[in-house]
Amino acid sequence: MTVHLYNTLTRQKDEFIPIAPGRAGIYTCGPTIYNFAHIGNFRAYMFEDLLRRYLEFRGFAVKHIMNLTDVEDKLIRTCRETGESLKKITDFYAQAFFEDIDTLGILRAHEYPAATDHIPEMVDLIKKLRDKGHTYEEDGSIYFKLSTFPGYGALSRIQADALRAGASGRVDADEYEAEDARDFALWKAWDEEDGEVFWETELGKGRPGWHIECSAMSIKYLGPHFDIHCGGIDNMFPHHENEIAQAQCATGHPFVNYWLHCAHLMVDGRKMSKSLGNFYTLRDLIEKGLDPVAIRYTLLATHYRQPANFTFEAVEAAAQALCRIRDFRIRLAELDGDGDALADECSATESEFTHEMDDDLNISGALGVVFNFIRDVNKKIDAGVVGGDGAANALALLDRLDHVTGVFSPVAEDDVPQEILDQVAARQQARRDKEFAAADAIRDALAEQGWILEDTPDGARVKRA
RNA sequence: GGCGGCAUAGCCAAGUGGUAAGGCAGAGGCCUGCAAAGCCUUUAUUCCCCGGUUCGAAUCCGGGUGCCGCCUCCA
């Protein structure tokens, strides 16, 4: 079996065949850094993280590029409203973004190109389009002339005719300076609402349109033709469609082989919105005391093309599932001596896990495989047949699979304080003396201090609550 | 109005023609001084509703209902 991915271009699961053997170039649409990202945003970044991690697990050398949109209408409006400079705002929220993805254990992309650092690349791309007759100018702005690209709509399967201005009753053609409402801006001429936000270029005084940054930066870092482009389903049209038009018309090459789109996240069965009171940034959830790893698990555990429902109950369930994994690791770590090496169980689990993930990243199925493994091995541990080799093999397997999921890693081993150990010893003495009331009192006291005490055949074990 | 997606137990969620994974929660049991952890049993005769195709459908087709997305720079 090889990796298969659902490709929006073909509307089916296609075998992943990279352009360069053993390598995978991935471009993912990143955040507009004008406020804190919400958990819906992070679901998309989590999916992209899983994709990147899994391809690495499968032996591909992945190059992952994520852009930062740091010039755009909403940002300029924020500048106007707050009086802050563009750079001050974007620096602040870029920093917050990186803190958030670190909190969630999302691996850093290899590059985070920012739009404003790539104005020359965008200008070059627009000039190429202009030279080839794909653009026209209107009041100092430059537009892409959609009628020059017959392939438009291949990704979203939207008929260009259906987009005619006013057909939906929602498009007010008067707002468009473009000749045709379907055309989109490559370069926007400065107007006074833009304030200090402008660049003096060969194209005039102004700023880039939104779509051009992704074409310019993906081409710069991954080449004119690369493997995978990801984003939220809402970016499929028009953003990704426009990217294709720009890139293919400018370079003359096919642009991207696999387009992957992530479904949206709902909260409590409703779309997330501030007016419903179910809109959360990651920081909101952390403040409520939720465990970041449990949040990671929750965002990860639903297949990426499935609309997911985020609930606090689900995060609690995830936290309990993580406890199960943690306790399993603790049991394994305590084993030594001769016994079953678990060779069959480990290899079967890894192979089934891989089989599930090869099928368009079926993480739910893959997690099910791991929990079946945990149950089966627990059974063997109960039977007393697992030896040190088996434990080491099982832990090594979890570590390998943790590279994919990021939720199987051991909890940070903080040393148990001596005073806690003293209380554990005192309880053990009380138990030996059959003074169970005293022993229970000590156990309760430990619980209040945040430590769970469990008796095992080999003695007491303490762990953080 | 046009296009697209989704609907599986109390909650989260796999499964896309062959008789319902997994996690959490609940119930009973084993183990334990008691717990915890672990294990066992159990919890959807049924997969939004109504028809149809088929020997057989959660899975395919038609119709309906609900939710969600795109159709103006929202993951």
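Every chain is numbered from 1, with letters handed out A, B, ... down the list of sequences.
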Taking ring pair (Phe, Tyr, Trp, His ring centres under 6.0 Å) as the test, write out the residues that go with [X], two or more places apart.
X	result
His4(A)	none
Tyr34(A)	none
Phe310(A)	none

Once side-chain contact (heavy atoms from CB on, under 4.5 Å) is applied, do any residues pair with Asp194(A), and if so which ones, sequence neighbours excluded?
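Scan of Asp194(A) (side-chain contact (heavy atoms from CB on, under 4.5 Å), adjacent residues dropped) gives Ile76(A), Trp190(A), Asp191(A), Arg207(A).
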With a 3.5 Å cut-off and no angle check, do the side chains of Ser218(A) and His229(A) form a donor-acceptor pair?
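No - no donor-acceptor pair under 3.5 Å links their side chains.
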For Leu68(A) and A75(B), what is the distance between atoms CG and P respectively, to the nearest whole Å?
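The distance from CG of Leu68(A) to P of A75(B) comes to 12 Å, rounded to the nearest Å.
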Give me, pair by pair, the N or O atoms of the protein and of nucleotides 26-36 of chain B that are less than 3.5 Å apart, along with how far apart they are.
| from | atom 1 | to | atom 2 | distance (Å) |
| --- | --- | --- | --- | --- |
| G33(B) | N7 | Arg431(A) | NH2 | 3.3 |
| G33(B) | O6 | Arg427(A) | NH2 | 3.2 |
| G33(B) | O6 | Arg431(A) | NE | 3.2 |
| G33(B) | N1 | Asp440(A) | OD1 | 2.9 |
| G33(B) | N2 | Asp440(A) | OD1 | 3.4 |
| G33(B) | N2 | Asp440(A) | OD2 | 2.7 |
| C34(B) | O2 | Arg443(A) | NH2 | 2.6 |
| C34(B) | N3 | Arg443(A) | NH1 | 3.0 |
| C34(B) | N3 | Arg443(A) | NH2 | 3.4 |
| C34(B) | N4 | Asp455(A) | OD2 | 2.9 |
| A35(B) | N6 | Asp455(A) | O | 3.3 |
| A35(B) | N1 | Asp455(A) | N | 2.9 |
| A35(B) | N3 | Arg443(A) | NH1 | 3.0 |
| A36(B) | O2' | Glu454(A) | OE2 | 2.9 |
| A36(B) | N1 | Asp455(A) | O | 3.2 |

Bracket string, RNA chain B, 5' to 3' - pairs by Watson-Crick or G-U geometry under 3.5 Å, | interstrand:
(((((((..(((.....[...))).(((((.......))))).....(((((..]....))))))))))))....
The criterion is salt bridge (Lys or Arg N to Asp or Glu O under 4.0 Å); which residues satisfy it with Asp359(A), sequence neighbours excluded?
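Here the qualifying residues are Lys13(A).
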Salt bridge (Lys or Arg N to Asp or Glu O under 4.0 Å) involving Arg108(A) - partner list, sequence neighbours excluded:
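Applying salt bridge (Lys or Arg N to Asp or Glu O under 4.0 Å) to Arg108(A) gives Asp102(A).
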Would a line drawn from the ring center of His240(A) to the ring center of His211(A) be shorter than 6.0 Å?
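Judged by ring-centre distance (under 6.0 Å), His240(A) and His211(A) do not meet the cut-off.
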Counting only pairs under 3.5 Å, give me each side-chain donor-acceptor contact of residues 269-276 of chain A, with atom names and distances, residues two or more places apart or in other chains.
| from | atom 1 | to | atom 2 | distance (Å) |
| --- | --- | --- | --- | --- |
| Ser273(A) | OG | Ser275(A) | OG | 3.3 |
| Ser273(A) | OG | Leu276(A) | N | 3.3 |

What contact category does Ala37(A) fall into here, base, sugar-phosphate, or nothing, at under 4.0 angstrom with non-hydrogen atoms?
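Ala37(A): no heavy atom of the nucleic acid under 4.0 Å.
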Using a 4.0 Å heavy-atom cut-off, does Pro238(A) contact any base of the nucleic acid, only the sugar-phosphate backbone, or nothing at all?
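Sugar-phosphate, no base atom in range.
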Taking only N/O atoms, report every protein-nucleotides 65-69 of chain B pair under 3.5 Å with atom names and distance.
| from | atom 1 | to | atom 2 | distance (Å) |
| --- | --- | --- | --- | --- |
| C68(B) | OP1 | Arg270(A) | NH2 | 3.4 |
| G69(B) | OP1 | Lys271(A) | NZ | 3.3 |

Listing time: all N or O pairs from protein to nucleotides 14-25 of chain B that are below 3.5 Å?
| from | atom 1 | to | atom 2 | distance (Å) |
| --- | --- | --- | --- | --- |
| A14(B) | OP1 | His303(A) | N | 2.8 |
| A14(B) | O5' | Ser364(A) | OG | 3.2 |
| A14(B) | O3' | Asn362(A) | ND2 | 3.3 |
| G15(B) | OP1 | Asn362(A) | ND2 | 3.4 |
| A21(B) | N1 | Ser364(A) | O | 3.3 |

Side-chain donor-acceptor contacts of residues 290-301 of chain A below 3.5 Å, not counting sequence neighbours, with atom names and distances?
| from | atom 1 | to | atom 2 | distance (Å) |
| --- | --- | --- | --- | --- |
| Asp291(A) | OD1 | Val293(A) | N | 3.2 |
| Arg296(A) | NE | Thr405(A) | O | 2.9 |
| Arg296(A) | NH1 | Asp49(A) | OD2 | 3.3 |
| Arg296(A) | NH1 | Leu104(A) | O | 2.9 |
| Arg296(A) | NH1 | Gly105(A) | O | 3.0 |
| Arg296(A) | NH2 | Asp49(A) | OD2 | 2.9 |
| Arg296(A) | NH2 | Thr405(A) | O | 3.0 |
| Thr298(A) | OG1 | Ala294(A) | O | 2.8 |

